[in-house]
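Proteins get letters first, then strands, A, B, ... in listed order; numbering begins at 1 in each.
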Amino acid sequence: MARYVENYRCAGLECALLIPWIPTLSSPALVEIRDLNFTYDKRPVLQGINMVFPKGKLVAIMGLSGCGKTTLLRHVGGALKPTKGYVKVDGRVMHELDQDGLYAMRRKMGMLFQFGALFTDMSVYDNVAFQMREHTDLPEEIIHDMVLMKLHAVGLRGTHSLMPSELSGGMARRVALARTVALDPMLIMYDEPFAGLDPISLTVVGDLIRRLNDALGATSIIVTHDVQESLKIVDYVYFMANGVIEAEGTPDEIRASDKEFVHQFVHGEMDGPVPFHYPGGDYRQDLNLKG
Amino acid sequence: MPAVNAIKGIGHRTINAVWRIGVATRFFMLTLTHSGSGFRRFHLIIKELFSTGVMSLIIIIVAGLFVGMVLGLQGYETLKRYGSESALGSMVALSLVRELGPVVAALLFASRAGSAMTAEIGLMRATEQISAMEMMAVNPIARIVAPRFWAGVISMPLLAALFSAVGVFGGYLVGVVQIGVDEGSFWSQMQAAVDFREDYGSESALGSMVALSLVRELGPVVAALLFASRAGSAMTAEIGLMRATEQISAMEMMAVNPIARIVAPRFWAGVISMPLLAALFSAVGVFGGYLVGVVQIGVDEGSFWSQMQAAVDFREDILNGVIKSFAFGIVVTVIALFEGYDAPPTAEGVSGATTRTVVTSSLAILMLDFVLTAIMFRGT
């Protein structure tokens, strides 16, 4: 953590405005989740979630597959309506916005999808230029410069004429990252940004997430189950299991946590609160053993 | 309680079908209301016109040519029985313009452009491109669906017209250039074609017309086209996905030959079911002709059936039709299996292979149909 603070906190103009990193997260909240409940097909997916995402911070939501973290992210993006409770972004309750209000809000958000979700029928350049062309009347020369600057920021200016199918997995993720921040969003959401990356790409993407957040003065939410990589870069962690928050804290607190579940998760242990065996009937009975 | 379960099942499926119709209708209305931006930025529609319309040109032109040539052969054979070979031009033109042009062009369009659209948009959803667009505050109905819809609406009639025009030329090639029907009467009768039905004056021959065209031509060909789009594309997609998810490699590593285990059973299933489906198609088609001709229009029932029995020869017509559909079954299944087995192991690769299956097998069906028809008539 300290490395990132030293390297990036004072990299740009924003450094004077940046609130120093405080473990208690006392800076004003950009995203606020209060008593969020979501039920799908009578199955409770999220139960009584309370979270705060302060401005300028990089916050991770961790948990096993199927614990509801992607569902939570979709609530922040306004793609799902809560059964109870609310998500407030920049002072507005997401599920009370109409279509126009929602779209206006989404212009100020960016989301990086699990495998990038680059438009396969457009070149790298057109992918990054997509939102600029859809949402602004900027002349093509300015779009050109902006696109190349965004691509340069992720180190891929040289790929602008390639198609997404010609990129490696790590490069595609970085192009998608450039597209996500194309309009300098105030809130960036990452859905499993580390899934399926090789070790080098993993470090590069993690590093970019931290640097872009600080350079843009944005707020970032990372949904991930990659413990080691995300603990290196984030300011705060929420742990989720079965739709509720199990634990929360700074990376150091999480590493030192003596909670059984957190310990098993962080150290990748086989057995613990999350059992190795899926619940089943009596083993002897299943094998038709007598006696 | 199997009976109760069966009734439950029927009810469930019916409700589901009605529900889907409702959802599709809402989707259609949404598409219409979001068409504005497509027309304001017309280059979006132009781009889709290229990928739906222009990319379908080859299959439409080649298919039209062969359908016209077959019509020339078949029409000549049928008209000779009534001694009115000179009506060949009007026969070819009428069947093309009224019926085959729109219908076969639409079938080919559905298999070429329609399936490609479904696969493209489906893949966009699967890879979260549509969610990404929504998160970028761009409406996917307006940006993705509406331009494709209008491209289809614009290109379909143009393609059907082109199909008919090329088909008439094909009929001319076979009828006039090859068989030697008088060129003047070919074109002049075609121009006077509105009077064709009165000139012909043989409504009682309806039964034989319906049965002959179904058994000899439409049965095998249309059934094979439908078979290619329904079963052939499914086979390609299934085997392609097996390869993409490394199921075929896994089978090879388990020392089981995938050709023997996966490909061969599907091949024989296709070869056996194709002629049966074609026969069923013709039988139901004859019944349909009876319903409209006899029950609704009022052609004499006795002459409908007796003329049909007199005109349709078992060996020459029915057997030839069966032989045709056997050949189609072999060709369609082999193409489908090969494309699936050979597909690049990605989602895009599989969807591309599926489209290629339908396109290649449709063209193969229509070409083979012409060749087989020519051989069979030479034989008699």
Side-chain angles (χ1 to χ4, degrees), chain A residues 70 73-80 89 94 97 99-122 126-137 163-166 169 172 175-177 179-183 185 187-192 195, chain B residues 26 30 33-34 36-38 40-52 55 113 116-148 151 244-246 343-352 355:
Chain A
T70 300
L73 205 60
R74 295 180 73 84
H75 275 94
V76 179
L80 291 172
V89 180
M94 287 306 284
L97 296 171
Q99 175 92 353
D100 291 341
L102 185 63
Y103 272 16
M105 189 58 104
R106 281 182 180 169
R107 290 188 189 195
K108 296 187 272 180
M109 297 179 173
M111 182 156 176
L112 180 70
F113 284 83
Q114 191 162 1
F115 291 102
L118 289 176
F119 299 128
T120 36
D121 58 340
M122 298 178 198
D126 290 334
N127 260 289
V128 180
F130 182 78
Q131 289 179 88
M132 305 175 189
R133 287 179 180 152
E134 294 288 329
H135 293 321
T136 70
D137 293 322
M163 293 303 280
S165 55
E166 296 169 280
V175 171
L177 192 51
R179 187 182 70 177
T180 306
V181 298
L183 293 183
L187 173 66
I188 313 174
M189 291 172 275
Y190 300 91
D191 186 8
E192 299 287 3
Chain B
R26 259 189 58 194
L30 264 181
T33 52
H34 284 90
S37 68
R40 273 196 305 280
R41 296 161 65 191
F42 204 70
H43 67 98
L44 290 178
I45 296 185
I46 302 254
K47 186 171 162 247
E48 298 309 326
L49 270 175
F50 178 78
S51 62
T52 51
M55 297 304 280
M117 267 188 218
T118 306
E120 191 188 11
I121 296 183
L123 278 177
M124 283 183 138
R125 182 167 284 292
T127 54
E128 293 188 306
Q129 293 178 43
I130 290 184
S131 310
M133 200 172 270
E134 270 178 343
M135 282 305 300
M136 289 188 255
V138 174
N139 189 323
I141 300 267
R143 187 66 175 69
I144 298 177
V145 177
R148 284 171 174 76
T245 54
E246 295 189 306
T346 59
E348 289 81 11
V350 174
S351 81
T355 304

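- Ranked by heavy-atom pairs under 4.5 Å with chain A, the list B:R41, B:Q129, B:E134 is led by B:Q129.
- Of the possible polar contacts, none joining the B:R125 side chain to the B:I130 backbone as a donor-acceptor pair under 3.5 Å is found.
- Judged by the 6.0 Å distance and 45° axis criteria, B:R143 is not positioned over the aromatic ring of A:F130.
- Comparing A:M189, A:H135, A:M111, A:R74 by heavy-atom pairs within less than 4.5 Å of chain B, the highest count is held by A:H135.
- No donor-acceptor pair under 3.5 Å is formed between the side chain of A:R107 and the backbone N or O of B:A137.
- Residue contact with chain A, scored on non-hydrogen atoms closer than 4.5 Å, involves the backbone and the side chain of B:M135 alike.
- Side-chain atoms of B:T127 and A:T120, non-hydrogen and from C-beta on, never get closer than 4.5 Å to each other.
- Only the backbone of A:L118 comes within contact range of chain B, judged by heavy atoms closer than 4.5 Å.
- Heavy atoms closer than 4.5 Å to chain B are found in the side chain of A:Q99, but not in its backbone.
- Panel note: side chain B:E128, backbone A:F115; no donor-acceptor pair is recorded below 3.5 Å.
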